[in-house]
There are 2 protein chains.
Amino acid sequence: MSRENVAASAPHRTPPEHVHPRDVALETALAALSDPVRLTLVRELAGSEDWERTCGSFDVPVRKAALSHHFAVLRSAGLIEQRDAGAKRINRLRKAEFEECFPGLLDLVLRDAAVRPGRPE
Amino acid sequence: MSRENVAASAPHRTPPEHVHPRDVALETALAALSDPVRLTLVRELAGSEDWERTCGSFDVPVRKAALSHHFAVLRSAGLIEQRDAGAKRINRLRKAEFEECFPGLLDLVLRDAAVRPGRPE
DNA sequence: TAGACTGTTCGACGTGAGGCGAACACGTAA
DNA sequence: TTACGTGTTCGCCTCACGTCGAACAGTCTA
């Protein structure tokens, strides 16, 4: 709690904790991708450049509290990486790492959006 | 309720209702596979011949009521097909159809079991 | 410095999923 | 016919998930 612990020009915001897809169970990865909101996030992210999208820039029908929760789930499933940039937080899809650990899964998710747009509810 | 409605040597047990993977949403397929019990069922089924395994022949730590529920989930996700054989109900993994609709997914699930046996909980 | 903006955390809520035992239906064997 | 085995359905319970509003912490800008 001393002054020194906070010193050394450390960032004031606690940076997000990441999990590498290597340390993610298959069940966790599948569960993370089985939610429509998170599926939208992943797909929009896949169509953007790395570190291009802020958390608030996605077109999803939930408020920011729920949105923050979904990003946390994606993070702990090894699907995204986040970085603080000023007041905003920018995102990147961990395409290569995830593909290496769960081959074909990300492709399936992204392709499914294009090939079969209107699925049953 | 008349005698004729039951006639024509119809089976007494109502046969299970099936869903073709074609009519299954990606979210549904992923959710079905994100449960450890169902994952075990699918994997054991993949290691057996078609119509070889009865519902009660799987090594899962749940009672028969829950087991019956899991089979219903797998059925409505287009993952298995069931048929009545006397008092028992025998199963088949819809490997080809499912692979056609969700390419790579089943392979990922089955391979993951072999390549990474001990995953984090 | 005051305010606007971005995102996280907290507590609460409703819903649905997964588990169980009990009861039931059906098929089979004694 | 009776008894047993297999699997489904029902009601109930518990817990995790998704959602929200409110409050908070930082960052940037006026």
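By convention in this document, chain letters (A, B, ...) are assigned in the order of the sequence lines, proteins followed by strands, and residues within each chain are numbered from 1. As a basis for the values below, the full set of heavy atoms in this structure was taken, side chains included, without hydrogen atoms, waters or symmetry mates.
Between the CD atom of A/Gln82 and the C1' atom of C/dT8 there is a distance of 11 Å, given to the nearest Å. In this structure, B/Leu67 places its CG atom 14 Å from P of C/dG21, rounding to the nearest Å. Atom CZ of B/Arg89 and atom P of C/dG27 are 11 Å apart (whole Å). Distance, A/Arg75 CZ to C/dT9 C1': 12 Å, rounded to whole Å. Here C/dG7 presents its P atom at 10 Å from CD1 of A/Ile90, a figure rounded to the nearest Å. Note: CZ (A/Phe71) to C1' (C/dT6) measures 12 Å, nearest angstrom. Between the CD atom of B/Glu27 and the P atom of D/dC17 there is a distance of 18 Å, given to the nearest Å. Look at NE2 on B/His69: it is 8 Å from P on C/dG19, rounded to the nearest Å.
A donor-acceptor contact shorter than 3.5 Å links the side chain of B/Arg43 to the backbone of B/Val109. When atom types are taken as modelled, the side chain of A/His18 and the backbone of A/Gln82 share a donor-acceptor pair closer than 3.5 angstrom. With hydrogens and angles ignored, the 3.5 Å screen pairs no side-chain donor or acceptor of A/Thr28 with any backbone N or O of A/Val24. With hydrogens and angles ignored, the 3.5 Å screen pairs a side-chain donor or acceptor of A/Ser76 with a backbone N or O of A/Val73. With B/Ser57 contributing its side chain and B/Thr54 its backbone, the two residues share a donor-acceptor pair below 3.5 Å.
Non-hydrogen atoms lying under 4.0 Å from DNA chain D are contributed by B/Thr54, B/Cys55, B/Gly56, all within residues 48-61 of chain B.
Among the atoms of the strands shown, only primed sugar atoms or phosphate atoms (P, OP1, OP2) are found under 4.0 Å from some heavy atom of A/Asp35.
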Protein-nucleotides 28-30 of chain D N/O pairs under 3.5 Å:
none

So which protein nitrogen or oxygen atoms get under 3.5 Å of nucleotides 10-15 of chain C's nitrogens or oxygens?
none

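The CG atom of B/Leu41 lies 10.0 Å from the CG atom of B/Asp59; values are rounded to the nearest 0.5 Å.
Checked against C/dT6, D/dC20, C/dG19, the side chain of A/Lys88 finds its nearest nucleotide in C/dT6. Closest to the B/Lys64 side chain, of the nucleotides D/dC20, C/dA23, C/dC20, is C/dA23. Of the candidate nucleotides D/dT19, D/dC20, C/dG19, D/dT19 has the atom lying nearest to any side-chain atom of A/His70.
When hydrophobic residues (I, L, V, M, F, W, Y) are linked wherever their side-chain heavy atoms come within less than 4.5 Å, the members clustered with A/Trp51 are A/Ile90.
Taking 4.0 Å as the cut-off between side-chain N and carboxylate O, A/Arg53 and A/Glu44 count as a salt-bridged pair.
Put simply, the side chain of A/Cys55 does not reach to within 4.5 Å of the side chain of A/Lys88, judged on heavy atoms.
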Stepwise side chain to side chain contact (heavy atoms under 4.5 Å, CB included) check, B/Leu79 with B/Leu106:
CA-CA 9 Å; B/Leu79 272 160; B/Leu106 212 41; 4.0 Å; yes
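Pairs passing the salt bridge (charged side-chain N to carboxylate O under 4.0 Å, His left out) check and including a residue from residues 63-82 of chain A, sequence neighbours excluded, read A/Glu81-A/Arg92. The stretch residues 59-89 of chain A participates, sequence neighbours left out, in these ring pair (Phe, Tyr, Trp, His ring centres under 6.0 Å) pairs: A/Phe58-A/Phe71.
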